[in-house]
Amino acid sequence: MSTIQLVTEANLPTEFGLFRIVGFEFPDTKKEHIALVMGDVAQSEEPILARIHSECLTGDALHSLKCDCGFQLAAALKQISEVGKGVLIYHREEGRGIGIINKIRAYSLQDQGMDTIEANLALGFAADERNFNVCADIFNLLGVKKVRLLTNNPQKIETMKQAGINVVERIPLNVGENRYNTEYLDTKAKKMGHFIIHNGHKHLMDCPYCQEEVPKK
Ligand SMILES: Nc1nc2c(ncn2[C@@H]2O[C@H](COP(=O)(O)OP(=O)(O)OP(=O)(O)O)[C@@H](O)[C@H]2O)c(=O)[nH]1
């Protein structure tokens, strides 16, 4: 398999500030990934604030409350803009790598009582089908060698370290808990070893989106 290449970039003004959007592609499979970059991050002596964010169409764009993804995306971009420098890799691995249609199938099984892991397994997938190695290649293409990684997922840190990216710090990203995703976050903490501060049904104070009561089902 070929290695991913940086193919194009442009300015991207966002509600969080002005980013560069950088496009990456595998020459053979045409599989695409994106990074949002703020400031001069290449060959920096200082560690770069960074987030690897796997695609979640429902959370990132459709305002779903079933997960914490959209809240994490917004919080990460906000933190990068506050520092004025950083990288968000938008890792195009929808549904932990099973794709949007299979994620809907998994949601349907979750409607019937399965948790997020059981649903993946029932569909014949691993609990997590993602490969984070491509994110290390993207950091390398951007000249980023040392990061402060915004994540609760130990696997992302492990893969970066093994691929030679120096993760000098993990910055927790506990935002967006609500009554619809409490069980999902609980399952990730218990079954996938994620570092999640489990707050029961209490909304986290640092989440600008969770101050208001979510309507009952
Ligand atoms: N299969 C499946 N995927 C889900 C479900 N809910 C969310 N996802 C996907 O889970 C992934 C979450 O991505 P991230 O937020 O980057 O990763 P994470 O493993 O939670 O790690 P951190 O957020 O960094 O702590 C995305 O690809 C979502 O589309 C679900 O119930 N089933």
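For ligands, and for the atoms within them, numbers begin at 1 and follow the listed sequence. Numbers here simply count residues along the sequence, with the first being 1. No hydrogens, no waters, no symmetry mates; every other heavy atom, side chains included, goes into these values.
- Closer than 4.0 angstrom to ligand 1 lie heavy atoms from Arg51, Ile52, His53, Ser54, Glu55, Cys56, Cys69, Gln72, Glu93, Glu94, Gly95, Arg96, Ile98, Lys103, Tyr107, Gln110, Thr116, Asn120, Arg130, Thr151, Asn152, Asn153, Lys156, Tyr184, Lys188, His194.
- The 12-atom threshold is exceeded at NZ of Lys191, counting heavy atoms of other residues, nucleotides or ligands nearer than 6.0 Å.
- Checked against side chain to side chain donor-acceptor pair (under 3.5 Å), Glu118 has no partners two or more places apart in sequence or in another chain.
- Two residues are said to be in side-chain contact when any heavy atoms from C-beta on lie closer than 4.5 Å; Phe132 and His91 meet this criterion.
- Within the 4.5 Å cutoff, side-chain heavy atoms of Lys156 are placed close to those of Arg51.
- The heavy-atom pair separating Ala75 from Leu173 by the smallest distance is CB-CD1, 4.0 Å.
- Note that the CE atom of Met114 and the CG atom of Leu121 stand 9.0 Å from one another [nearest 0.5 Å].
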